[in-house]
Amino acid sequence: MKKYKYLIARRITQSTVLFLFFAGNAFGWKILRGNLSSAKVFDVISLSDPFAVLQSFSAGASVTKDALFGAFIIFLFYAVLGGRVFCGWVCPINMITDAANKLRNYFQLDEVWKSWDIRRSIRYWAMGLSVVLSMILGVAAFEWISPIGMLHRGVIYGIGPGWAFVLTVFFFDLFAVKNGFCGHLCPLGGFYSLAGRFGFLRIGYDRDKCTSCMKCVDICPEKQVLHMVGRQSGAVISGECINCGRCVEVCDDDAVNFSNIYSKYIYK
Amino acid sequence: MMPERRDFLLKTIKSLGLATAGGLVWGGFIEEGRSAPLILRPPGAAPEKAFLASCIKCGMCVEACPYDALALAKPGDNKPVGTPYFIPRDNPCRMCKDIPCVPACPTGSLDKALVSDKVENGEIKLNIDLARMGLAVIDRETCIAYSGIQCDACYRACPLMDKAVTVEYMRNVRTGKHAMLAPVVHSKACTGCGMCEKACVTKKASIFVLPLKIAMGESSERYVKGWDERDEDRLKDVPEKVTTETPRSEKKPVDYLNEDVF
Ligand code: SF4
Ligand code: SF4
Ligand code: SF4
């Protein structure tokens, strides 16, 4: 059980958020209404997706105080907490891509053929492109094709052929690129990577306890952030870490743990 | 040139190329989905362009609507994905007095100012009668009232009865001895809620709401109705001297009018 502690916790938060939004629309619960783009908590606090608001702004919309404030709260939350906590703990697509990855490992697809190798920096290009396209087309560009919004709205308001978008992501991750969507393409992930770069929550690594079994690197969806494993003690500084804690739970030697930005493991 | 630098340049160019290609496909997809001129928006919606720029597809308006009249467009609906709309024949807007959908919108895409009277002592007074979601138009060839059969379903269903829809008495020329009681829509009052479309008794509604841009024509501001005293006020902001320059206007009227006659 210890091996799945965070995984279970993540699935619980992910589905709870989703369910609360669903209940907000279906049963009129007041806890969370709206969706990941913009929401109201107990009909009082408004929250908005800062990246969606940024695109809206680039599209030339006059952003209201409500939306701006909501976006600021969310931005601050993830900037302080750090890394892509949103991706690992809230975003519903994470469940889809994790499932694809699980199947990929189960059928050992990586041994059958070599995964298509694309660069992880594409997400930053996609992020820039979202903003530029929003400016040119006058609409929030990523929101038009975002499978996150598609799936999320789908669960809350009915999805229709929106499944196609979600399935595309699933098959892309399963057959084309390992951790393809979340790990390489998603501009929202890119946005939160930058936003959470200086956040508080970090993964700390202790070289002295490590036996170099590399289980943590194997399980990590963003392997590049664990480049210090086997080399020197330290903490993950990259904002690309989704703080899923998989590395923590698979380590049998207690060498990897949740830590904070002030920990002695942080090296410059 | 140093090899690393060349490598870097090449990689950058490659990325730029890919980004451009991606952008084109992406942009094309958006353009495709955006061409939905027949969509009807919730009350208070900003003009379509501004609406599309600001709506973040949160669905707060959809949740606020007590009649479930609004829906968020799904892929395949042929409407901008994720934005709210309603289909009057299925579920029209009930013109709630407190317009719950409008204040629910966090981005101002549904603009209170468009559905409220002038601000009095700092308080906004919402007035749903100001909504302009669309305009009801009547197909006189299928509307049975225009064939002489008595029907006033739309007239009675209209929340602005006698303002947005009136019933006009007309002589039935076909029989020569009957009257026709025919509905007529008035664009000054019609909000485009679609209650009439929902109520219409014909197989496919003979009165139906179209977006204003499509339902209405536009005449030049210089056509002043002489019998309407205040109509001339419209000319106030129109510049007095306007010369239209076309290749034709360079010639004298006598010349160009006779040009192709002989
Ligand atoms: S005015 Fe009422 S019925 Fe009409 S869309 Fe808004 S909430 Fe729904
Ligand atoms: S509440 Fe406003 S921003 Fe949200 S979906 Fe409706 S119109 Fe769009
Ligand atoms: S004429 Fe029809 S659309 Fe117009 S206000 Fe009346 S019921 Fe609504």
Side-chain angles (χ1 to χ4, degrees), chain A residues 21 24-25 28 33-40 46-49 52-53 55-67 69-70 118-119 121-122 125-126 128-130 132-134 136-146 149-150 153-154 156-165, chain B residues 11-12 14-34 46-66 68 70-84 103-112:
Chain A
F21 275 124
N25 184 45
R33 314 189 90 167
N35 60 35
L36 284 181
S37 303
S38 188
K40 268 241 151 96
S46 30
L47 307 171
S48 318
D49 172 353
V53 170
Q55 290 172 73
S56 228
F57 177 75
S58 320
S62 51
V63 179
T64 56
K65 266 189 239 131
D66 237 21
F69 185 69
I118 60 175
R119 289 142 137 269
S121 59
I122 294 182
W125 288 89
L129 206 56
S130 304
V132 173
L133 275 183
S134 300
I136 298 174
L137 298 170
V139 302
F142 179 57
E143 307 309 306
W144 279 61
I145 55 164
S146 158
M150 220 71 88
R153 278 195 306 273
I156 305 169
Y157 308 106
I159 190 162
W163 278 120
F165 283 71
Chain B
K11 269 186 185 156
T12 310
K14 216 169 109 191
S15 304
L16 266 172
L18 275 175
T20 318
L24 284 176
V25 175
W26 188 345
F29 177 84
I30 291 178
E31 279 307 330
E32 176 94 34
R34 193 154 58 168
E48 189 67 7
K49 221 177 142 211
F51 181 83
L52 283 179
S54 58
C55 172
I56 48 175
K57 309 155 187 240
C58 63
M60 295 293 246
C61 52
V62 175
E63 289 190 16
C65 177
D68 284 334
L70 304 175
L72 288 189
K74 300 191 277 285
D77 286 346
N78 286 322
K79 303 197 164 60
V81 173
T83 57
C105 177
T107 60
S109 308
L110 305 182
D111 188 350
K112 276 188 220 141

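In the text below, chain A, chain B and the rest are named by the order of the sequence lines, each starting its count at 1. The shown structure was predicted, so the numbers you read here are calculated from the model rather than taken from an experiment.
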**Message:** I need the residue from A:Ala67, A:Gly128, A:Ser56 with the largest number of non-hydrogen atom pairs under 4.5 Å to chain B.
**Reply:** A:Ser56

**Complete:** With sequence neighbours left out, the residues meeting side-chain contact (heavy atoms from CB on, under 4.5 Å) with B:Ala53 are A:Ala59, A:Ala61

**Message:** Please classify the contact of A:Ser130 with chain B as side chain, backbone, both or neither, using a heavy-atom distance under 4.5 Å.
**Reply:** both

**Message:** Given heavy-atom pairs under 4.5 angstrom as the criterion, report whether the side chain, backbone, both or neither of A:Phe142 touches chain B.
**Reply:** both

